[in-house]
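Have a look at the structure below before the remarks.
The model shown is predicted, which means the values in this text are computed figures rather than measured ones.
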Amino acid sequence: MASQIAALQLQLWILTGIVFVLTVATVLCNYRNFRKNDDYRRMKRMAEAGRYEKLLAYVDLRLRLSPNNKFHLVYRAKALIHLARLDEAEEIAETLKNTSSAFHNEAVNLLDSIADLRTRSS
């Protein structure tokens with residue numbers, strides 16, 4: 001009987017340890033995702049404030065650390081459009097359109113904006 005109780009206690013401690021490890025992992029993942037969302041919020045605020053040169057500098061810095069981050073590429077294209085660097089923006093939008101199903105619609109919208117700007121300026 002005493003050995004069965006000891007075995008149950010051991011199992012409970014093991015389960016407690018597993019729950020603790022899962023809780024710590026969840027907290028770390030949430031923190032990492034919060035940091036990623038902080039980037040998004042920062043880029044969105046700069047774009048909404050019309051600070052496109054600063055946005056472009058920020059995005060370029062972030063792209064050096066994470067070159068394939070699609071959010072950063074989208075905001076780089078948006079900044080380039082507003083800075084009238086349409087060829088560079090179009091290249092990014094085409095790449096996003098052809099390589100990322102998640103950002104396909106955003107890329108099409110960017111390409112439409114570029115086409116509209118070119119139509120207006122001609």
Side-chain angles (χ1 to χ4, degrees):
M1 182 70 125
S3 65
Q4 290 175 337
I5 291 175
L8 283 174
Q9 285 177 330
L10 178 63
Q11 290 173 353
L12 287 174
W13 279 113
I14 290 171
L15 286 174
T16 302
I18 290 170
V19 168
F20 176 76
V21 167
L22 290 174
T23 302
V24 168
T26 301
V27 167
L28 290 174
C29 286
N30 285 337
Y31 177 74
R32 192 185 97 222
N33 288 336
F34 173 78
R35 294 293 301 156
K36 284 184 178 179
N37 289 338
D38 188 48
D39 272 353
Y40 172 74
R41 286 191 299 268
R42 183 174 291 159
M43 291 184 298
K44 185 177 179 188
R45 279 194 309 266
M46 283 188 255
E48 288 172 347
R51 298 164 60 195
Y52 299 109
E53 300 232 356
K54 186 171 183 174
L55 173 60
L56 185 60
Y58 178 78
V59 169
D60 285 343
L61 175 68
R62 301 304 294 166
L63 282 169
R64 279 189 223 122
L65 301 173
S66 178
N68 296 323
N69 187 302
K70 306 301 186 217
F71 281 114
H72 294 136
L73 289 171
V74 166
Y75 273 94
R76 185 172 201 284
K78 288 181 180 185
L80 291 169
I81 288 170
H82 287 281
L83 295 171
R85 293 167 56 182
L86 301 181
D87 291 336
E88 293 173 75
E90 185 175 34
E91 183 179 328
I92 292 169
E94 284 290 344
T95 302
L96 284 170
K97 184 178 114 180
N98 296 327
T99 61
S100 174
S101 59
F103 287 89
H104 180 82
N105 290 339
E106 184 73 32
V108 169
N109 290 340
L110 290 169
L111 290 168
D112 289 344
S113 297
I114 293 167
D116 287 345
L117 287 170
R118 285 191 171 141
T119 303
R120 284 188 223 153
S121 66
S122 26

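- Pairing each heavy atom of Ala107 with each of Ala93, the nearest pair is CB-O, 3.3 Å.
- Atom-to-atom distance recorded for Thr99:OG1 and Glu94:CD is 10.5 Å, nearest 0.5 angstrom.
- Listed here is the closest heavy atom pair of Ala77 and Ala89: O-CB, 3.6 Å.
- For the side chain to side chain contact (heavy atoms under 4.5 Å, CB included) test, no residue two or more places apart in sequence or in another chain qualifies with Val21.
- Atom OH of Tyr58 is separated from atom CZ of Arg42 by 4.0 Å, given to the nearest 0.5 angstrom.
- Within the 4.5 Å cutoff, side-chain heavy atoms of His72 are placed close to those of Asp39.
- Proximity of Lys78 to Glu106: side-chain heavy atoms (C-beta onward) are separated by under 4.5 Å at one or more points.
- In this structure, the separation between OG1 on Thr16 and CD on Gln11 is 11.5 Å, given to the nearest 0.5 Å.
- In this view, Leu65 and Arg62 satisfy the side chain to side chain contact (heavy atoms under 4.5 Å, CB included) rule, not counting sequence neighbours.
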List the steps and the verdict of side-chain contact (heavy atoms from CB on, under 4.5 Å) for Gln9 and Leu12. CA-CA 5 Å; Gln9 285 177 330; Leu12 287 174; 5.6 Å; no
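- Transitive grouping of hydrophobic side chains (ILVMFWY, heavy atoms separated by less than 4.5 Å) brings Met43 and Leu83 into a common cluster.
- When hydrophobic clusters are built by joining Ile, Leu, Val, Met, Phe, Trp and Tyr residues whose side-chain heavy atoms come closer than 4.5 Å, directly or via intermediates, Leu10 is grouped together with Ile18.
- Legend: residues meeting salt bridge (charged side-chain N to carboxylate O under 4.0 Å, His left out) with Glu88, ordered by chain and number and at least two apart, are Arg85.
- With rounding to the nearest 0.5 Å, the separation of CG in Asn105 from CG in Leu96 is 12.0 Å.
- In terms of the salt bridge (charged side-chain N to carboxylate O under 4.0 Å, His left out) criterion, Asp116 has no residue partners (sequence neighbours excluded).
- A donor-acceptor distance shorter than 3.5 angstrom exists from the side chain of Ser121 to the backbone of Arg118, with no hydrogens or angles considered.
- What you find for Asn69 and Leu63 is that their closest heavy atoms are O-CD2, 4.0 Å.
- Put simply, Leu22 and Ile14 are part of the same group of oily side chains (I, L, V, M, F, W, Y) that touch within less than 4.5 Å, one to the next.
- A heavy-atom distance below 4.5 Å is found between the side chains of Phe20 and Val24.
- Taking Asp60 as the reference, Arg76 meet the salt bridge (charged side-chain N to carboxylate O under 4.0 Å, His left out) condition, with sequence neighbours excluded.
- With sequence neighbours left out, the ring-ring contact (aromatic ring centres under 6.0 Å, His included) criterion links Tyr52 to His82.
- Hydrophobic cluster membership is shared by Tyr40 and Ile92, with clusters built from Ile, Leu, Val, Met, Phe, Trp and Tyr side chains linked at under 4.5 angstrom.
- Just one of Val59, Leu110, Ile114, Leu56 meets the side chain to side chain contact (heavy atoms under 4.5 Å, CB included) condition when paired with Leu80; it is Leu56.
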